[in-house]
Colleague: 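I'd like to ask you about the structure that follows.
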2 protein chains.
Amino acid sequence: MFTSNISYQERIEKQTSRRTFDRSKGIAVAKSLFHECGFDAVGIAKLTQALNINPPSLYAAYGSKANLFEFAIEAYIAENNLPVNEILAPERDTSDALKELVHQAACLYVRSETERGCMVAEGMRAADQKARMISNYYCKLSREFIKNFIVQKQPDKAEELADYIVVSLQGLSAAAFAGLPASRVLSVANLTGIGISSLISS
Amino acid sequence: MFTSNISYQERIEKQTSRRTFDRSKGIAVAKSLFHECGFDAVGIAKLTQALNINPPSLYAAYGSKANLFEFAIEAYIAENNLPVNEILAPERDTSDALKELVHQAACLYVRSETERGCMVAEGMRAADQKARMISNYYCKLSREFIKNFIVQKQPDKAEELADYIVVSLQGLSAAAFAGLPASRVLSVANLTGIGISSLISS
DNA sequence: AGCATACTATAGTGACCACTAAAGATTGAT
DNA sequence: ATCAATCTTTAGTGGTCACTATAGTATGCT
């Protein structure tokens with residue numbers, strides 16, 4: 001989408017029965033490494049060692065480190081995505097829905113001891129510009145989704161409330177990544193939920 | 001404190017009238033670069049070019065890149081620090097004080113077009129472990145200061161409220177760093193303030 | 001003047017970075 | 001069986017990383 005002319009699906013489908021390493025598994029491993037360490041701290045050497053392959057195999061399969069990162073982010077979203085269609089169902093109370101979204105996201109950010117925070121939010125801080133652009137794009141997608149939910153019932157507050165939710169999630173992700181214990185992250189998420197209630201009822 | 005056996009003051013005082021580059025200015029330049037680009041994205045080459053010196057001069061003056069980063073953070077705190085002793089004056093209303101703290105911090109995070117967010121908060125995401133440790137330490141200092149203010153009047157909520165404030169600031173810093181326009185960052189800070197009110201009065 | 005000190009600049013260190021040229025190996029199709 | 005395609009491996013590319021050994025130079029002290 002940003003750096004590749006060939007999509008994730010196209011690449012996967014090209015895989016034949018030939019002797020080859022498992023591309024899907026490669027993306028899963030890369031996702032874990034990128035999530036745990038961040039884009040900048042994961043080198044090609046670390047990736048190829050984790051996959052037990054050589055650099056050319058990695059490049060033949062994914063094109064570049066940035067490409068692989070984007071595949072990994074897509075996998076992250078596909079696997080870890082919250083059931084947002086249920087959480088942000090149109091008929092739900094705005095406040096309840098947003099509170100649950102923040103709570104569920106916080107749970108996601110601390111459920112692993114090693115892969116902390118939101119991979120997208122953390123990717124936005126990478127020193128590498130491509131990694132930042134990719135992450136920013138998926139963050140924007142999320143914000144739009146949240147905004148479109150809010151706009152149905154609170155159109156006048158949709159923009160600023162969407163910003164508020166996204167920024168809150170960025171803070172929770174940062175805290176989780178920095179090592180704040182799960183219980184305290186969830187406590188902050190709970191306080192954020194109380195804040196959301198007061199913002200919507202006012 | 002973490003990586004040096006020689007303090008900032010000691011180094012500065014050692015400066016004689018000999019032909020030498022301005023150490024304080026070097027720290028100021030490094031601070032701007034680190035703040036704008038992040039620890040990882042600023043190499044020795046970039047620093048020495050900006051200061052118009054050679055690497056050995058930089059190492060003679062500051063010891064290491066991590067040392068220089070710590071000096072830069074100290075300078076950042078000294079120069080950009082909010083008047084926290086006034087904002088968090090003991091006699092002030094807890095809610096008003098915390099709201100102003102968040103507002104002033106948000107203003108700080110977006111006042112420059114290039115140096116966005118909080119240098120300490122952003123440093124906590126560096127790929128370099130030393131930079132993370134240094135940043136985490138100063139973040140912890142800030143949290144303690146906030147907690148000690150809250151504990152005077154709301155001792156039962158001090159810990160979780162302090163976490164809430166710090167996480168909110170981390171979110172605002174991340175948003176500012178990612179390029180969210182100043183007006184929207186300030187708007188989110190304002191909403192956070194409303195949330196703080198409801199948390200304290202409840 | 002002579003000397004030790006403290007900074008400087010030149011020029012490099014090995015290690016790592018993302019990435020690839022070239023050739024071998026395995027496959028499916030003919 | 002042969003060939004083309006596609007993967008693999010080996011072995012590297014040039015570049016940048018943080019950092020430094022060595023030697024030159026300007027300074028203050030005696």
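Chain naming here is simple, since letters A, B, ... match the order of the sequence lines and numbering starts at 1 in each.
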Colleague: Name all pairs fulfilling the side chain to side chain donor-acceptor pair (under 3.5 Å) condition that reach into residues 47-56 of chain A, sequence neighbours left out, sorted by first residue then second.
Modeller: none
Colleague: Considering only side-chain heavy atoms of Ser64(B), which listed nucleotide, dT8(D), dC19(C), dC19(D), is closest?
Modeller: dC19(D)
Colleague: Could you check whether Arg143(A) makes a cation-pi contact with Phe145(A), meaning its NZ or CZ is under 6.0 Å from the centre of the six-membered ring and within 45° of the ring axis?
Modeller: no
Colleague: Rounded to whole Å, please give me the gap between NZ in Lys65(B) and P in dC17(D).
Modeller: 8 Å
Colleague: Between C1' on dC7(D) and CG on Asp22(A), what's the gap in Å once rounded to a whole number?
Modeller: 15 Å
Colleague: How are the rings of Phe34(A) and Phe39(A) set relative to one another: parallel (under 30°), tilted (30 to 60°) or perpendicular (over 60°)?
Modeller: parallel
Colleague: Contacts to DNA chain D from residues 37-58 of chain A, heavy-atom cutoff under 4.0 Å, which residues?
Modeller: Asn54(A), Pro56(A), Ser57(A)
Colleague: Go through it in stages, so that I can follow the logic: the residues are Glu160(A) and Ser187(B), the test is side-chain hydrogen bond (donor to acceptor under 3.5 Å, both in side chains), and I'd like the CA-CA distance, side-chain angles, deciding distance and then a yes or no.
Modeller: CA-CA 7 Å; Glu160(A) 61 177 1; Ser187(B) 173; 3.3 Å; yes
Colleague: Could you tell me whether Lys31(B) and Glu79(B) have a side-chain N and a carboxylate O separated by less than 4.0 Å?
Modeller: yes
Colleague: Could you give the distance from CG (Leu51(A)) to CG (Asp22(A)), rounded to the nearest 0.5 Å?
Modeller: 9.5 Å
Colleague: Could you check how far CZ of Phe21(A) sits from C1' of dT9(D), rounded to whole Å?
Modeller: 14 Å
Colleague: Is the distance from OP1 or OP2 of dC19(D) to the nearest side-chain N or O of Tyr59(B) less than 4.0 Å?
Modeller: yes
Colleague: To the nearest angstrom, how far is Tyr62(B) atom OH from dA6(C) atom P?
Modeller: 18 Å
